[in-house]
Structures are given as structure tokens and as C-alpha cells.
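Keep in mind that this is a model prediction, so the values were computed, not measured.
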Amino acid sequence: MTTETSNAESRTGTDSLPANTIFELLLDDQRRDALYYLSGKVGAVALEDLVAQVALRDGEASGTRVDAITAGFRHNHLPKLIDAAVVRYDTDAGTVERRPEAAALDPFLQLARRYEP
């Protein structure tokens with residue numbers, strides 16, 4: 001009696017993103033905070049709400065600081081997250097939504113959160 005085996009490997013969440021992409025996305029504190037915040041939300045959230053949460057996590061939610069964080073998200077963080085296909089940004093509605101592919105980041109987010117001050 002012979003048993004056939006398949007060489008096909010099941011894909012886990014971490015297989016969907018290369019390790020370099022995962023670490024690049026989690027390298028920045030604000031991007032990591034945004035990903036952590038989005039991981040606890042269902043559906044889209046307003047970019048303003050996301051930025052406000054990041055500003056609170058930074059400890060300074062002044063208007064100037066929120067404006068700086070918003071600019072950073074529009075020009076740096078969102079493009080990286082969109083390119084990695086872990087978030088969707090609706091420019092008309094001004095909302096950010098976590099995509100299913102972002103689940104690959106969850107174990108690393110939890111680990112990073114454990115070691116943050």
C-alpha cells in the first residue's frame with residue numbers, strides 16, 4: 001500500500017508577506033501604532049480618528065502635532081501600507097480600512113507591543 005503525499009504547502013498568514021516587508025512596516029512607531037489600532041477595528045475608520053489615536057499614543061495631541069502626523073501618514077505611512085496591500089485608503093471618504101492580508105502582521109504586532117514602554 002502506498003500513500004500519496006503532496007508537495008503543496010498550506011499558506012499561513014505569515015507566508016503572504018515577505019519577512020522584509022513585515023519588518024519594514026513595523027519599523028516605525030507611528031505605523032506600528034496605526035496597525036495595532038486598526039487590528040482592533042472592524043471596517044473603515046476615518047483617517048482623522050486614526051491620526052488622533054496615534055497622537056494620543058505619542059503623548060501629544062496638539063493641533064500642530066496632529067497636522068504633522070497627518071502629513072506623515074499621507075506622504076509616507078499610507079503609501080507603504082497600501083503598497084504592501086495591508087490597508088485600503090478611500091481618498092473620497094477619507095477612511096482607512098485594514099485588509100485581510102494584514103493578519104500576517106498580528107503575531108509581530110503583539111510581540112512588539114509586549115516590549116514597548
Side-chain angles (χ1 to χ4, degrees):
M1 180 170 124
T2 62
T3 304
E4 290 185 38
T5 59
S6 171
N7 289 332
E9 297 178 25
S10 64
R11 290 183 59 88
T12 61
T14 57
D15 289 339
S16 62
L17 289 174
N20 285 345
T21 301
I22 291 170
F23 293 122
E24 173 66 25
L25 293 177
L26 300 180
L27 180 64
D28 185 88
D29 291 345
Q30 290 179 350
R31 197 165 41 242
R32 199 168 49 248
D33 288 342
L35 286 165
Y36 190 75
Y37 176 71
L38 290 172
S39 73
K41 297 295 177 185
V42 175
V45 298
L47 179 60
E48 295 85 20
D49 293 341
L50 178 64
V51 167
Q53 289 299 315
V54 171
L56 286 173
R57 180 94 171 116
D58 278 354
E60 185 182 343
S62 68
T64 304
R65 184 70 182 138
V66 168
D67 289 345
I69 293 171
T70 301
F73 267 87
R74 289 188 190 275
H75 299 290
N76 181 22
H77 303 309
L78 280 177
K80 284 186 182 197
L81 296 168
I82 292 166
D83 288 346
V86 296
V87 300
R88 182 178 296 120
Y89 178 59
D90 183 335
T91 55
D92 293 333
T95 58
V96 181
E97 184 175 13
R98 177 181 147 113
R99 296 184 63 181
E101 293 81 357
L105 301 170
D106 291 345
F108 302 98
L109 280 171
Q110 293 300 324
L111 184 62
R113 186 62 74 181
R114 185 180 308 157
Y115 292 101
E116 287 181 337

Minimum side-chain heavy-atom gap R99-V86 below 4.5 Å: no
L27 with I69, same ILVMFWY side-chain cluster at under 4.5 Å: no
Beyond-backbone contact of I82 with V87, side-chain heavy atoms, under 4.5 angstrom: yes
Check: R32 and L109 side chains under 4.5 Å, non-hydrogen atoms: yes
Approximate separation, where rounding is to 0.5 Å, of L105 CG and Y36 OH: 13.5 Å
Minimum-distance pair of heavy atoms, taken over all atoms of V66 and V51: O-CG1, 3.7 Å
From Y89 atom OH to L81 atom CG, the distance as rounded to the nearest 0.5 Å: 12.5 Å
Pairs satisfying salt bridge (charged side-chain N to carboxylate O under 4.0 Å, His left out), at least one member in residues 62-86, at least two apart: E24-K80, D58-R65
F73 versus Q30, closest heavy-atom pair with distance: CZ-O, 3.7 Å
Contacts of type salt bridge (Lys or Arg N to Asp or Glu O under 4.0 Å), residue D90, not counting sequence neighbours: none
CA sep, side-chain torsions, deciding dist, call: L50, Y37, side-chain contact (heavy atoms from CB on, under 4.5 Å): CA-CA 7 Å; L50 178 64; Y37 176 71; 3.4 Å; yes
Contact summary for R98 and A103, nearest pair of heavy atoms: NH2-CA, 3.5 Å
From CA spacing to verdict: side-chain contact (heavy atoms from CB on, under 4.5 Å), L38, V45: CA-CA 8 Å; L38 290 172; V45 298; 3.5 Å; yes
Under the side-chain contact (heavy atoms from CB on, under 4.5 Å) test, residues paired with R57 that sit two or more places apart: D33, R113, E116
Closest approach of S39 to D106 (non-hydrogen atoms, all atoms of both residues): CB-OD1, 4.0 Å
Exam field: side chain R88 to backbone E97, donor-acceptor pair closer than 3.5 Å: no
Nearest non-hydrogen partners of L78 and V96, listed with the distance: CD2-CG2, 4.0 Å
Heavy-atom pair of closest approach, residues A84 and T21: CB-CG2, 3.9 Å
